[in-house]
Protein chains: 2
Amino acid sequence: MQTLSTEDYLKAIYHVSQSSPGAVATTSIAKQIGAKPSSVTDMFKKLSDQNLVKYQKYNGVSLTNEGIKTALRIIRKHRLWESFLVSHLNFNWDEVHQVAEQLEHIQSEKLTNELERFLDYPTHDPHGDPIPNRALFMKTYNKILLIELPVNKEGVCIGVKDNSSDFLRYLDRRQIGIGTPLQILHREDFDDSLHIQAGKSTLMITKKTAENIYVKP
Amino acid sequence: MQTLSTEDYLKAIYHVSQSSPGAVATTSIAKQIGAKPSSVTDMFKKLSDQNLVKYQKYNGVSLTNEGIKTALRIIRKHRLWESFLVSHLNFNWDEVHQVAEQLEHIQSEKLTNELERFLDYPTHDPHGDPIPNRALFMKTYNKILLIELPVNKEGVCIGVKDNSSDFLRYLDRRQIGIGTPLQILHREDFDDSLHIQAGKSTLMITKKTAENIYVKP
DNA sequence: CAACAAATTTAGAGAAGTCTAAATTATTTT
DNA sequence: AAAATAATTTAGACTTCTCTAAATTTGTTG
């Protein structure tokens, strides 16, 4: 049974280790959590005592199997709650995160599993991220950035890389969301802008935008 | 913005003050919370500093208006979540409490209000207790104990006094729940047992049982 | 490879909440 | 009303998590 704080750390370690392989550095977790490096070191020791991470002084941590399982259980809850908030409680993409951060700590297996059933066993959350199932297994399907999609090939929006409210609201205004069909019509070499087909409308987006949208080809 | 602990105390103070008028004693909160009286004294001081209670040494506390509002906000969330768990997530009477104790601390006005809308503005939770509305007002309808119901007068089960799992499961087995019509057919003076009509079946219950069921006449 | 910079850890302290044990106040009993 | 009992508070300590400031280790560069 973990405290709120240890759960936050495990989740942060999991996420950082996903985006960059190898051991996770003290500073990277400090940034993610919003704590000072010295606090992170303290927590690393605590997690190590509980065999949730392997910790080597001056060389960061890596999750043990038990640590990975604990992290996935939290991520499972987080993504199920996000799905619920969007599908039944009228939350938008950009509003769910803060609340899901709280809900992910609720301890009740029955609650999690019943919520999953109620949502009809969703495989992905509103940001397009995969939801671990009861056995903590998740389907990671082949996702690429919109910028990498070949011209004239059809894709479907399945998520975003940048989760900032600004970006999510920008996409909402352009009527781009999970499931929107996307296609690159033309790449402008001059300024790297793109003309795209998004659902039924055609519009122009910048390179930066195209680098932050995930699509399934 | 309160901590988990202060929220628990405010709720406990509210409940105790409802069942016995006047100032709330240190010991009664200690029992309710499961803490030592000395810890309760500490917390009383903290709550007093925040103007959530009025505290007089050696004479317990009483909630200020601000304290009452805070307590009601928590109770509102608790009862809405209990309703959700029972109506949509297959929880039973006796399983909801522990989970709702956690969920009641989630901070998001939008979440609370959307949940209320999703549940279609329920006025009472699965134990028959009234749910404060957005303005923190609740309808407390005229409820009496089954033992006080005159013979042959019809009533409807609206809740219970004893919330123990044992009792709730006992009622489940007898098919008595919220909304079940109840009627006393005969009082046995010899051993204080009662013959009652519960829905479509007639059964015998003890005095103790009848003292723990609330009915609306 | 020495010197500097960056990252990390240690040491010591603070806030929140809890406890035990002792002291104090209130209440009840005789 | 004094003595005994119960309730409450104080004092001091502990745990968890956090911080700042200083010390140490690692890496990077001239």
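First the proteins, then the strands, lettered A, B, ... as listed; each starts at 1.
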(message) Can you list everything that forms a side chain to side chain donor-acceptor pair (under 3.5 Å) with Arg169(A)? Sequence neighbours excluded, please.
(response) Asp94(A)
(message) I want to check something: taking the side chain as every heavy atom from C-beta on, are Val24(A) and Ser28(A) in contact at a cut-off of under 4.5 Å?
(response) yes
(message) Rounded to whole Å, please give me the gap between CG in Asp42(A) and P in dT15(D).
(response) 15 Å
(message) Between P on dA16(C) and CE on Met1(B), what's the gap in Å once rounded to a whole number?
(response) 16 Å
(message) Students often get this wrong, so: under 4.0 angstrom with heavy atoms, is Tyr55(A) touching a base, only sugar-phosphate, or nothing?
(response) sugar-phosphate
(request) Taking the six-membered ring of Tyr214(B) (Phe, Tyr or Trp), confirm whether the NZ or CZ of Lys161(B) is under 6.0 Å from its centre and within 45° of its axis. (result) no
(message) Within residues 2-11 of chain A, which residues have any heavy atom lying less than 4.0 Å from an atom of DNA chain C?
(response) none
(message) Going by side chain to side chain donor-acceptor pair (under 3.5 Å), name the residues that satisfy it together with Arg187(B), two or more places apart in sequence or in a different chain.
(response) none
(request) Applying side chain to side chain donor-acceptor pair (under 3.5 Å), name anything that partners Thr3(A), two or more places apart in sequence or on another chain. (result) Thr6(A)
(message) Without decimals, in angstroms, what is the distance between Lys46(B) NZ and dA15(C) P?
(response) 12 Å
(message) Between P on dT25(D) and CD on Gln56(A), what's the gap in Å once rounded to a whole number?
(response) 16 Å
(message) Tell me every residue that passes side chain to side chain donor-acceptor pair (under 3.5 Å) with Glu66(B), counting only those two or more places apart in sequence or in another chain.
(response) none
(message) Counting the atoms with a prime plus P, OP1 and OP2 as sugar-phosphate, which does Thr26(B) contact under 4.0 Å by heavy atoms, base, sugar-phosphate, or nothing?
(response) sugar-phosphate
(message) With no hydrogens and no angle check, just 3.5 Å: does a side-chain donor-acceptor pair link Gln98(A) and Gln107(B)?
(response) no
(request) Let me know the distance between CD1 of Ile29(B) and P of dT9(D), rounded to the nearest Å. (result) 12 Å
(request) Write down the distance between CZ (Phe44(B)) and P (dG17(C)), rounded to a whole number of angstrom. (result) 15 Å
(request) Please check the phosphate of dT10(D) (OP1 and OP2 only) for any side-chain N or O of Lys45(B) closer than 4.0 Å. (result) yes
(request) Check whether NZ of the Lys or CZ of the Arg Lys45(B) lies under 6.0 Å from the centre of the six-membered ring of Tyr55(B) and within 45 degrees of that ring's axis. (result) no
(request) Grab the CG-P distance between Asp49(B) and dG17(C) for me, whole Å please. (result) 12 Å
Any protein N or O atoms within reach of nucleotides 20-29 of chain C? Criterion: under 3.5 Å, listing atom names and distances.
unit_1	atom_1	unit_2	atom_2	d
dT20(C)	O4	Ser38(B)	OG	3.0

(message) One pair to check against ring pair (Phe, Tyr, Trp, His ring centres under 6.0 Å): Phe84(A) and Phe84(B). What are the steps and the verdict?
(response) CA-CA 13 Å; Phe84(A) 174 66; Phe84(B) 173 66; 5.2 Å; yes
